[in-house]
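A quick write-up on the structure given underneath.
Here the structure is a predicted model, which means the values were calculated and not measured.
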Amino acid sequence: MPETETAAVVAATTETAPAVEKAVNEKPARKKIKFFAHYEPAELSQMEKLYTSTLNQINQDEIVKGCIVSISNKDVTIDVGYKSEGIVSLLEFRDEDEIKVGDDVEVYLENIEDKMGQLILSKKKADVLRIWDKIYDSIENDTIISGKIINRVKGGMTVSLSGVEAFLPGSQIDVKPVRDFDALVGQTMDFRVVKINPVTQNIVVSHKVILEEEYAARREEMLASIKVGMVLEGTVKNITDFGIFVDLGGLDGLVHITDITWGRINHPSEVVDLDQPIKVVVVGFDENTKRVSLGMKQLEAHPWENIELKYPVGSKAQGRVVSITDYGAFVEIEKGIEGLVHISEMSWTQHIKHPGQFVTLGQEVECVILNIDKDHTKLSLSMKRVNEDPWIALSEKYVENTRHKGTVSNITDFGVFVELEPGVDGLVHISDLSWTKKIRHPSELVKKNQELEVKVLKFDVHARRIALGHKQMNPDPWGGFEQQYAVGAESPAEISQIIEKGVIVILPGDVDGFVPATHLLQGGVKDIHASFKIGDALPLRVIEFDKENKRIILSALEYFKDKSKEEIESYLLAHPNEKKEIEDATAELEPQPKSSEKKGDKA
C-alpha cells in the first residue's frame, strides 16, 4: 500500500475512536426480571383472577362446545376454552372428510384432567346423548327424527338414528303393502318413535304414522271437494277378484271389475298392474260411508254408440269366442260389443249337441250380423250364414227314393244316424231298419262305422232333416206272408229271444213271430227260462196275422189241440213246466173225442 494511503487510514481511525467509546458507555440499562417468588400474595391473587377469567366454566360428564385446532392422521385436537386442549380419535367422526380446522363441534367431557393433565373428550358419546334427547323428544312430543335403513331383519328393518339402532316393523313402513323390502335398504326416511323399552333400550319407530297424518289431511281436503264426474289420477294399490283399489293420494277408491273396460275380462290383472299410475273418473260417492266408486271405461266412448253404422245387419265381422254356454257361444267383435251365436246358427250340416264341440275359447271366428237390439245391448250373430246354405244343393242330390251308401255315425234308442258325406247326416228310424225283425234297439242290427245302404224317404230343406230307410232297399215281403202265415197255418220256428211275456221266434222267410207265454204251456209257464232256451225248435200255429202292423202271433197250445198223445208228451218232456205234472198237462192237452164217438161209447 502506498505511504500516503496508510497515513490517511491511521488518521481516520484516530478521529472515530472517541465516538465509539462514548456510544458503548451510553448503552441503556437492562430491566430487572421479577420471578414468581418475588411477587407479593396480593399480586399473585390478582394475576390468578385475571387468568381464570379467560377460561370457560366446564363440568365433568357434560356436553361442551369446542373448536378444532388441528387434525392429524389419527386424532383431532379440540379447544374447549380450558387451560388444556383435548384429543379425540378421528374414528369417532362419522364424516372424516367433512371436518376441518376451525369447525365447532360438540364433545362429551369424560374427565377434566388425566394423569398427564389433559382433557378426556368423546365425540361419539356426545352424539349418542344428543340423539337420545331427540328420541325421547320424539316419543313425548311426536317430533320427527331422521334415520337411515341399514338392513333387513325378520319382521321388518333395522334403522340407524345417527348411530343408535332402532326397529322398523314391516307393517309400519308404508300405508300400502311393501312390494320389495330389500329396495329400501340405504334409504333415508323420517320416522317417529312409537315405543322405547327403558330396560333394554330397544326402540321401535314408524314411518307409516307420518304418512297417515299426511293422508288424513289430504283425505279431508279431497272429501270436501270430490264430485261425480271428476277425473283424477291415482296408483293401483291392490288388485282383487272383484276390482282394483286405487290410491288417490290420501283417499282410496274402488274400480269394480265391470267398470275397468267395456270388454270382457276374467280378472282385473289382465288390464292393470300393482303400483301402476292410472286415470279414473268418479262415478259415485256415498257421503255417509265416504266410499268413492271409480271407473276407467267411462273415460272412453260407449262402444254401442252408432253400432248400427259400424255393423249393419247382414254385414260380416271378425270376432273372438269369449264364452261358451249350453245354448251357444258369445263372440266379442269389439271391446264392449258381444253377440250370441246360437247353437242352431253354427253349422248348416252338423248336428251339434254342445257348442264346445264346434268352437273353443279364444278362437277367432267370422260371423254375420243377424239382429241388433241397441236398447238392451243385445246382438245376434251367425257363423253358418257366412257361407251359402248347402242344403239347397243337397236337395238336388238327395232326391226322394234315390239310393245311397253311408256310414253309421251314431246309434240312439230311436234309430241310426247315417253320414252320407262329411257334415251331412240322415236318420234311419228303428221302424225302417227291417221289414221282418222285431228290433228292440238298433244296435241289435247295426254297429257304429258300419257301411249301410239306405234310400231317401224325405228331404226337408227348412228343418234340415233327411229321413232314410234301410228296409226299403228291398220290397215289402208282407204281401207274400199274408197267405203263407194266414190264421190257422202251421209252421216250425226257432226261438231267437226270450222276453217276460213270451218268446220271439224266427219263421221261414226270416220273419219274426211272437208266442205269448200263455200259449206255450197249458196254464202258463212258471219259469220261462227254465222251460225254454234260445235256439229251441217249436211247432206253432198262427192265431193272428196283422199285415198293417207287421205282426204274426202264434201258439203251441193251438198246434197240439189235434195232435197225438205221443207228440204232446214229447213236447212236454222237452219243455217241462215247474210244479206241473207231465200227466196232468198231458190230460189237459189230449185231444177231445168227437160227439159221435161219445154217443157210441154210451151205447
ask   = For D182, does the CG atom have more than 12 heavy-atom neighbours from other residues, nucleotides or ligands under 6.0 Å away?
value = yes
request  = Could you give me the CA-CA distance, side-chain angles and deciding distance for V341 and V365, then say whether side-chain contact (heavy atoms from CB on, under 4.5 Å) is met?
outcome  = CA-CA 11 Å; V341 180; V365 296; 6.0 Å; no
query = How many angstroms lie between CD1 in I528 and CD1 in I495, if you round to the nearest 0.5 Å?
reply = 7.5 Å
key: Straight-line distance of I568 CD1 to L557 CG, nearest 0.5 Å   = 10.0 Å
inquiry  = Less than 4.0 angstrom from a charged side-chain N to a carboxylate O is my criterion; do E332 and R264 meet it?
reply    = no
note = Between I257 and D241, the two heavy atoms sitting closest are CD1-O, 3.7 Å
query = Rounded to the nearest 0.5 Å, how far does OG of S382 lie from CG of L370?
reply = 5.0 Å
remark   = Note: S531 and N577 closest approach over all heavy atoms is OG-CA, 4.0 Å
message = Regarding D247 and K237, does a basic nitrogen lie under 4.0 Å from an acidic carboxylate oxygen?
response = no
ask   = Is the shortest side-chain N to carboxylate O distance from E300 to K297 below 4.0 Å?
value = no
ask   = Heavy atoms, side chains only, cut-off 4.5 Å: are D536 and V503 in contact?
value = no
request  = Check whether any side-chain heavy atom of I343 lies under 4.5 Å from a side-chain heavy atom of F358, and answer yes or no.
outcome  = no
request  = Establish, yes or no, whether a centroid distance under 6.0 Å links the rings of W478 and F545.
outcome  = yes
query = Residues two or more places apart in sequence or in another chain: which of them pass side-chain contact (heavy atoms from CB on, under 4.5 Å) with S344?
reply = H342
message = Is the shortest side-chain heavy-atom distance between D259 and L294 below 4.5 Å?
response = no
query = Hey, is R385 close enough to E345 for a salt bridge, meaning N to O under 4.0 Å?
reply = yes
query = So, do F481 and K550 sit near enough that their side-chain heavy atoms are less than 4.5 Å apart?
reply = no
message = Whether K335 engages the ring of W262 as a cation-pi pair (distance to the six-membered ring centre under 6.0 angstrom, angle to the ring normal within 45°) should be assessed.
response = no
ask   = Where the side chain of S409 meets the backbone of F417, is there a donor-acceptor pair that is under 3.5 Å apart?
value = yes
ask   = Is it true that K437 and E444 make a salt bridge, defined as a side-chain N closer than 4.0 Å to a carboxylate O?
value = no
ask   = Under 3.5 Å, is there a donor-acceptor pair between the side chain of D546 and the main chain of N549?
value = yes
ask   = To the nearest 0.5 Å, what is the distance between CD1 (I369) and OG (S315)?
value = 5.0 Å
ask   = Just wondering, do V456 and V454 contact through their side chains at under 4.5 Å, heavy atoms?
value = no
Minimum side-chain heavy-atom gap H441-D413 below 4.5 Å = yes
inquiry  = Quick check on K290: does its NZ atom have over 12 non-hydrogen neighbours (other residues, nucleotides or ligands) under 6.0 Å away?
reply    = yes
query = Is H404 close to L468 at the side-chain level, that is, under 4.5 Å between some pair of heavy atoms?
reply = no
inquiry  = Out of the candidates L394, L427, L420, only one should pair with I466 under the side-chain contact (heavy atoms from CB on, under 4.5 Å) rule; please name it.
reply    = L420
request  = Measure up the Y571 and F532 rings against each other and bin them: parallel (under 30°), tilted (30 to 60°), perpendicular (over 60°).
outcome  = tilted
Nearest atoms (heavy-atom pairs only) where R541 meets E558 = NH1-O, 2.8 Å
message = Keeping K563 on the side-chain end and Y559 on the backbone end, is there a donor-acceptor pair under 3.5 Å?
response = yes
query = Just by distance, do the side chain of K533 and the backbone of H529 share a donor-acceptor pair under 3.5 Å?
reply = yes
task = Using side-chain contact (heavy atoms from CB on, under 4.5 Å) as the criterion, list what pairs up with D432, not counting sequence neighbours.
result = V428, H429, L457, K471, Q472
task = Go through the steps for L538 and H575 under the test side-chain contact (heavy atoms from CB on, under 4.5 Å), then give the verdict.
result = CA-CA 10 Å; L538 300 178; H575 307 289; 3.6 Å; yes
ask   = Hey, are the side chains of Q522 and F560 touching, using non-hydrogen atoms and a 4.5 Å cut-off?
value = no
key: Gap between atom CD of E334 and atom CH2 of W304 - 0.5 Å precision   = 10.5 Å
K374 atom NZ, over 12 foreign heavy atoms within 6.0 Å = yes
message = Using modelled atom types and a 3.5 Å cut-off, is there a donor and acceptor pairing between side-chain atoms of H470 and backbone atoms of E453?
response = yes
message = Could you report the tightest heavy-atom contact between L554 and P516, atom names first, then the distance?
response = O-CD, 3.4 Å
message = So, taking the atom named CG in D510 and the one named OG1 in T436, what distance separates them when rounded to the nearest 0.5 Å?
response = 5.0 Å
request  = Please name the pair of heavy atoms, one in I372 and one in Y311, separated by the smallest distance, quoted to 0.1 Å.
outcome  = CD1-O, 3.1 Å
Residue E364 excluded, over 12 heavy atoms near CD under 6.0 Å = yes
task = Could you check L274 against R179 for side-chain contact (heavy atoms from CB on, under 4.5 Å), going step by step and ending with a plain yes or no?
result = CA-CA 9 Å; L274 286 170; R179 315 292 177 205; 3.4 Å; yes
inquiry  = Determine whether H267 and I239 satisfy the following criterion, side-chain contact (heavy atoms from CB on, under 4.5 Å), listing intermediate values before the conclusion.
reply    = CA-CA 9 Å; H267 197 272; I239 301 176; 3.8 Å; yes
ask   = At their closest point, which heavy atom of K438 faces which heavy atom of D512, and how far apart are they?
value = N-OD2, 2.8 Å
